[in-house]
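Within every chain, numbering begins at 1; the chains are lettered A, B, ... in the order of the sequence lines, protein sequences first and strands thereafter.
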There are 2 protein chains.
Amino acid sequence: MAGRQGQGGGTPSKGQGRDPAGLDFPRPLTTVDVVIFTIRLDALQVLLVRRGHGDGEPFPDAFALPGGFVDVDKDADLDACARRKLAEKTGVVSPYLEQLGSWGSAHRDPRGWSATHAYFALIPASAAEAALAADAQWFPLAGLGVTPKLAFDHAEILQAAVQRLRNKVEYTSLPAYLMPEEFTLPELQRTYEIVLDRPLEKSAFRTRMLSADLIEPIEKMRKGPNRPAQLYRLKPAATPVYFARTFNAPE
Amino acid sequence: MAGRQGQGGGTPSKGQGRDPAGLDFPRPLTTVDVVIFTIRLDALQVLLVRRGHGDGEPFPDAFALPGGFVDVDKDADLDACARRKLAEKTGVVSPYLEQLGSWGSAHRDPRGWSATHAYFALIPASAAEAALAADAQWFPLAGLGVTPKLAFDHAEILQAAVQRLRNKVEYTSLPAYLMPEEFTLPELQRTYEIVLDRPLEKSAFRTRMLSADLIEPIEKMRKGPNRPAQLYRLKPAATPVYFARTFNAPE
DNA sequence: TTAATAGTGTCTATGAGACATTATCGG
DNA sequence: CCGATAATGTCTCATAGACACTATTAA
């Protein structure tokens, strides 16, 4: 119990080497998965990749969240690993990226004890269409999940991501990260409504957004077959805004 | 890139074995750390353990968060691992326990690429005194940290835990988990004030707590040299309550 | 002119902040 | 009685919700 408790004991050793001095015990597999959201076709969508079917590959041909093993040579840290996986599948390099949580157990991967560090990312629809990987595909959300059966415990992770997103959208400006460069207030409101799956009051919404130090009008209007709308963009230092109240009291 | 991407490839294999069919690459170390909070001596305190100083032990004799390697035989999942570590140090078996996040990088542990899954726990002062491990010790929080220098990146993890706790206390009933079985409303308010490090309005506080479905009065009063106070206890199904507003608008 | 959507204003309800007032104990 | 703390009440203010109303474009 000595060395192994408290991260103690043992001679330093890299990798999984069977060094004799204290680190010689089985290590779990370490992966990172990313739940990537966007708004497409007036719906909240999530990116999934189809798994291969070689050798002992678990969940062959099933859909899964983009992700995979941490590469101790390529990845300086977990965030970098998540960004790498996001970029590989979408080409997007600076998304809104947030840690979601971790899932680890003896049985979630048939190959052995494994733990995944899950992230969730928000990217604008435009970026979502550009450089998509061949094995990647967008799926609209149905409730808290998606129609295809997912590999591993990814359905559970996806559900947690959707709940976290919906919850935070009640009192933050997160949906702003789903918008293109330029957008109107009604378009931003529509994004909120899609994510929350319920209509919002127009005037309360506008008051909240305009009094937050979040967006600024640009010298341009969105033209259409009706009254033109003021275009806005995110202010430069666009860290998410937290509001002091939720949109309406949970029943 | 085939097998290793997307958690793919390879014959199932337990532990860190050098199996030839796809899982033969270095694995990060996997640990779990727990930030354990309580209220002691009218202050928010955190439990730290002193590290050993054997062999190649990193950060000898430094203080650190309770934690250590995941044991793929003992621990069914990450939560169980966190509970085990909490119980080993405090004897507490059913605390409020929440995942905080994970920290992983090539350099946080001199022994190699490592990732820790951090949790935070809230326990009542009473439980905090009972079965404390010999190497464990309570430290009052000073700002976002603690006076001794901590091992690894534990100062950063502790800071994140304090921020998360303070933040959530603004709109949740989390401090209820720091209270003994029976408590009065002014005592609960005092706990909020200690965690937030600022005074709260009595009447607003009472209205909020009493209208939440959180506590119930018992047939007993707290006597003292002044007007007795109604005693309350947590309602049985005591999942944390989320309020629709924060206590007062952040400036 | 009309249809459609953008944007503003008005009224109400809720709950927090500030603070005064009353209640109930020991001494 | 007094000091102390518990508990309640009153007033104001901010903001969400509901919804009416005005504004500006294309056709």
Side-chain angles (χ1 to χ4, degrees), chain A residues 42 167 169-173 175 179 182-194 196-233 241-251, chain B residues 42 169-173 175 179 182-194 196 198-233 241-251:
Chain A
D42 218 40
N167 191 39
V169 165
E170 295 280 357
Y171 60 92
T172 68
S173 62
M179 305 303 291
E182 305 176 348
F183 54 89
T184 68
L185 272 179
E187 286 164 0
L188 181 57
Q189 180 174 350
R190 180 68 193 135
T191 296
Y192 268 84
E193 292 173 339
I194 289 171
L196 291 176
D197 196 27
R198 84 168 184 265
L200 294 178
E201 247 351 275
K202 182 170 51 168
S203 81
F205 181 83
R206 297 176 67 92
T207 307
R208 172 180 285 205
M209 289 305 146
L210 290 174
S211 62
D213 188 38
L214 176 70
I215 58 179
E216 56 191 7
I218 61 177
E219 290 279 323
K220 223 156 114 189
M221 306 289 278
R222 167 89 72 228
K223 303 277 174 116
N226 43 36
R227 176 171 174 177
Q230 178 64 53
L231 279 165
Y232 294 85
R233 68 169 166 224
V241 174
Y242 286 71
F243 302 103
R245 303 193 191 176
T246 59
F247 260 114
N248 56 16
E251 337 67 56
Chain B
D42 218 41
V169 165
E170 295 279 357
Y171 59 93
T172 67
S173 61
M179 305 302 293
E182 305 176 349
F183 54 88
T184 68
L185 272 179
E187 287 164 359
L188 181 58
Q189 180 173 350
R190 180 71 193 131
T191 296
Y192 268 84
E193 292 173 340
I194 289 170
L196 291 175
R198 82 166 185 264
L200 293 179
E201 243 357 90
K202 182 168 49 168
S203 80
F205 181 82
R206 297 177 67 92
T207 306
R208 171 180 285 206
M209 289 305 146
L210 291 174
S211 62
D213 188 38
L214 177 70
I215 58 178
E216 57 191 6
I218 61 178
E219 289 280 324
K220 224 156 110 191
M221 306 289 277
R222 165 93 68 227
K223 305 275 176 117
N226 42 36
R227 178 170 173 177
Q230 178 64 53
L231 279 165
Y232 294 85
R233 68 169 166 226
V241 174
Y242 286 71
F243 302 104
R245 303 192 191 175
T246 59
F247 260 114
N248 56 18
E251 338 66 55

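One finds a side-chain N or O of R206(A) lying less than 4.0 angstrom from the OP1 or OP2 phosphate oxygen of dT8(C).
The distance between atom CZ of F243(B) and atom C1' of dA16(C), rounded to the nearest whole Å, is 13 Å. Taking atom CZ on R208(A) and atom C1' on dG7(C), their separation rounds to 19 Å, with Å as the unit. Atom CZ in R198(B) sits about 10 Å away from atom P in dA18(C), given to the nearest Å. Between the P atom of dT5(C) and the CD atom of E187(A) lies a distance of 13 Å, rounded to the nearest Å. The interatomic distance linking Q230(B) (CD) with dA23(C) (P) rounds to 18 Å, in whole Å. R190(A) places its CZ atom 12 Å from the P atom of dT5(C), with the value rounded to the nearest Å. Between the CD atom of Q189(A) and the P atom of dG17(D) there is a distance of 11 Å, given to the nearest Å. Distance, M209(B) CE to dA7(D) P: 15 Å, rounded to whole Å.
When all heavy atoms are compared, the tightest approach of T207(A) to S203(A) is OG1-O, 2.7 Å. Minimum heavy-atom separation, L210(A) to Y232(A): CD2-OH, 3.7 Å. Between M209(B) and L214(B), the shortest heavy-atom contact is SD-CD2, 4.2 Å. Nearest heavy atom pair, residue V241(A) against residue S173(A), reads N-OG, 2.8 Å.
Taking a 4.0 Å limit (strictly below) on heavy-atom distances, residues 210-219 of chain B does not reach DNA chain C anywhere.
Between the base of dT5(C) and the side chain of R222(A) there is no donor-acceptor pair shorter than 3.5 Å.
Along DNA chain D, the nucleotide closest to R245(B) and the one closest to T184(B) are compared, and the more 5′ of them pairs with T184(B).
Listed by first then second residue, pairs satisfying ring-ring contact (aromatic ring centres under 6.0 Å, His included) with a partner in residues 201-227 of chain B read Y192(B)-F205(B), not counting sequence neighbours. Residue pairs satisfying the salt bridge (Lys or Arg N to Asp or Glu O under 4.0 Å) criterion with at least one member in residues 205-217 of chain A, sequence neighbours excluded, are listed as follows: D213(A)-K235(A), E216(A)-R233(A). Within the structure, every pair that satisfies the salt bridge (Lys or Arg N to Asp or Glu O under 4.0 Å) test and touches residues 220-230 of chain A, not counting sequence neighbours, is listed here: E182(A)-K220(A), E187(A)-R222(A).
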Reading nucleotides 18-27 of chain D from the 5' end, what letters show protein touch, with B for base, S for backbone sugar-phosphate only, - for no heavy atom under 4.0 Å?
BB---BBBS-
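Residues passing the side-chain contact (heavy atoms from CB on, under 4.5 Å) test with A204(A) are E201(A), sequence neighbours excluded.
You'll find the side chain of L185(A) stays beyond 4.5 Å of the side chain of Q230(A), heavy atoms only.
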